[in-house]
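Counting starts at 1 for both ligands and their atoms, following the listed order.
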Amino acid sequence: MHCVVVGGGLAGLASAVWLSEAGHRVTLLERRGSLGGRTIAMPVAAVDDVPDNGQHVFASGYQHLMRYLDSVGTRKYVEFPGHMTIRLPGGGTRVSAFGGVAGLRAAFGDLPGVTGLDRLRTARAQITLIRQAIRQPAWLDDITADDWFRRIKMPQSARDALWDGIVIGLTGDKPDITSAKVPADLLVTGIRRARETKTPISIGYPTVDLNTLFVDGAEKLFADAGVDIRYRAVVSAVDVAGGAVVGVTLVDGERVSADAVICAVPVWSVRGLLDQVPEHERIYAAIEQLTPVPIVSVNLYLDRSIGMADWGEILLGGEGTLEQVWDRQRMHGRDASRHHLYSTTVSAAYELTNKTNTEITDIQMNQLRRYFPGAAHAEVVHSHVVRMPKSTFAQRPGTAGIRPDQRTSVQGLALAGDWTRTDWTTTMEGACQSAARAVEVILEHARRFDARL
Ligand SMILES: Cc1cc2nc3c(=O)[nH]c(=O)nc-3n(C[C@H](O)[C@H](O)[C@H](O)COP(=O)(O)OP(=O)(O)OC[C@H]3O[C@@H](n4cnc5c(N)ncnc54)[C@H](O)[C@@H]3O)c2cc1C
């Protein structure tokens with residue numbers, strides 16, 4: 001079959017790779033001049049470097065993403081060190097891990113800044129939280145994560161130390177916005193994967209830039225397999241005739257015919273593309289409710305080391321200004337003779353995103369100096385601020401089950417992308433799992449297609 005994949009982010013890349021592995025002829029249409037979507041490296045001439053658009057971390061349950069890395073030959077570039085560090089103002093640190101002694105201590109409420117009776121209250125609230133996440137009471141999707149924490153009497157100190165950060169990390173959005181069901185579902189997915197693989201949940205990171213990790217291997221595979229990649233090809237409609245997909249139309253009016261199509265554009269680009277799909281009104285109504293969340297990432301090139309204790313550190317109390325710092329020397333084995341690169345992340349950065357680059361850099365340098373004694377006299381060599389107003393999407397209360405399935409009512413048409421229905425929220429794994437499911441729909445169609453020939 002001739003399969004057209006629309007969109008060259010992770011969902012589209014994985015779809016194109018797996019369809020071509022299955023022996024189909026593939027054309028990949030990408031609106032931009034390069035592949036990678038929201039996971040890319042960007043050249044910064046001022047420092048002659050190619051940093052990422054933002055730190056991307058992996059969870060140990062990312063099985064479809066790992067399958068993609070196996071396909072493109074880059075799995076060797078992901079490490080799971082099994083720990084991160086929590087840093088307190090003034091420079092104190094505490095290793096954080098889900099397994100081993102640190103995990104056990106956390107389970108008993110022994111978290112940084114949680115003292116006295118609050119430890120007992122934390123341990124009790126955590127048991128209730130896990131139990132409710134597993135049992136999934138119907139009201140979970142009626143309330144926010146913030147309401148949930150209040151309901152189970154999670155002490156504020158434990159929220160500051162761990163739980164608010166987990167919600168922001170897992171859902172990409174603030175606890176007072178996101179539906180409680182989103183972190184609950186993710187906890188259950190994580191626990192299930194940990195049981196299946198018999199390994200504790202842990203967080204990992206790429207040891208190379210995102211282009212090397214996701215794009216270069218795919219491009220080589222496409223060249224070898226004869227996949228036709230068309231850049232700056234903006235699709236305006238998926239074409240349907242007699243209940244089956246027949247191709248796509250580009251904005252300049254060109255038609256590309258196809259036996260099968262996977263539409264892997266992000267949620268904010270879907271409207272208009274699916275007008276000929278019978279259920280398009282339901283899909284468009286759903287996407288209205290998946291609202292964009294901004295992330296601000298900064299690649300800070302400093303004149304010296306700030307003395308990080310770990311590859312990634314979560315700053316306790318840094319919400320909204322400087323939540324996580326990543327040591328690119330340690331992670332990528334970078335040569336630090338010219339400068340030291342620290343990448344920073346602020347999720348759900350609704351306020352920070354409206355500030356100027358200078359303001360953002362000043363705010364973050366002040367925070368670094370508060371938390372890292374080694375940063376006291378550090379000077380900024382260059383600051384590369386990346387604002388992405390549409391980084392991830394929020395799922396507010398009342399949105400459970402609205403994300404559409406990969407399968408459509410149109411023969412030969414499947415949807416993919418982190419916003420379609422998966423076991424995950426807006427993540428790289430969600431994108432790859434959606435691709436695996438979309439490809440499965442198309443392969444089923446191919447079997448019927450073969451039978452007709
Ligand atoms: C700063 C940042 C940090 C993140 N951190 C993490 C993290 O730590 N862990 C994690 O798991 N996830 C993280 N994410 C989320 C993750 O990057 C995304 O969920 C994932 O990359 C989405 O992939 P996708 O293929 O669904 O969409 P996209 O990557 O958005 O790809 C869609 C592609 O479709 C193209 N397109 C759009 N419209 C058209 C059209 N009409 N015609 C042709 N092409 C079109 C776009 O140009 C784009 O290339 C982060 C995201 C950001 C931005």
Side-chain angles (χ1 to χ4, degrees), residues 4-16 27-40 42 51-62 64-65 68 78 168-172 186 203-206 210 213-215 229-238 248-252 256 261-274 290 292-299 312 323-324 326 343-349 353 385-393 403 406 415-420 422 424-435 438:
V4 164
V5 175
V6 185
L10 265 180
L13 287 172
S15 300
T27 300
L28 176 58
L29 304 173
E30 166 53 46
R31 79 182 296 162
R32 294 201 290 209
S34 55
L35 300 174
R38 273 171 275 163
T39 49
I40 50 164
M42 320 165 85
D52 294 333
N53 67 327
Q55 179 61 47
H56 279 70
V57 295
F58 293 56
S60 45
Y62 278 14
H64 299 89
L65 184 63
Y68 173 74
V78 180
I168 293 171
L170 287 179
T171 70
L186 289 167
I203 304 295
Y205 62 85
L210 293 175
L213 187 72
F214 293 132
V215 181
I229 313 173
R230 291 186 53 187
Y231 298 99
R232 307 214 180 278
V234 185
V235 172
S236 60
V238 172
V248 298
T249 301
L250 307 189
V251 280
D252 61 7
V256 181
V261 171
I262 292 182
C263 180
V265 303
V267 63
W268 30 83
S269 305
V270 181
R271 183 167 277 285
L273 260 61
L274 304 178
L290 303 175
V293 179
I295 296 181
V296 171
S297 310
V298 186
N299 291 304
E323 290 161 0
Q324 292 139 5
W326 315 97
S343 301
T344 70
T345 310
V346 179
S347 305
T353 198
V385 177
V386 188
R387 279 185 203 77
M388 293 197 59
K390 292 175 173 173
S391 284
T392 51
F393 59 79
R403 286 161 64 191
Q406 289 73 34
L415 306 177
D418 63 353
W419 59 280
T420 58
T422 67
W424 299 82
T425 177
T426 164
T427 53
M428 300 180 287
E429 171 63 8
C432 289
Q433 187 180 41
S434 75

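Proximity of a side-chain donor or acceptor of N53 to a complementary backbone N or O of M42 within less than 3.5 Å is not detected. R403 places a side-chain N or O within 3.5 Å of a backbone atom of W419 that can act as its donor or acceptor partner.
Between Y62 and W424, the two ring planes are perpendicular [angle over 60°; tilted spans 30° to 60°].
Of all heavy-atom pairs spanning L28 and G12, the tightest one is CD1-O, 4.4 Å. Contact between V270 and V265 at its shortest, heavy atoms only, is CG2-CG2, 3.9 Å.
Protein residues having a heavy atom under 4.0 Å from any atom of ligand 1 are V6, G7, G8, G9, L10, A11, L29, E30, R31, R32, G37, R38, T39, Q55, H56, V57, Y62, A233, V234, V235, A264, V265, P266, S269, I295, S297, M388, S391, G417, D418, T426, T427, M428, A431, listed by chain and number.
Contact check for D52 versus S343: no side-chain heavy atoms found under the 4.5 Å cut-off.
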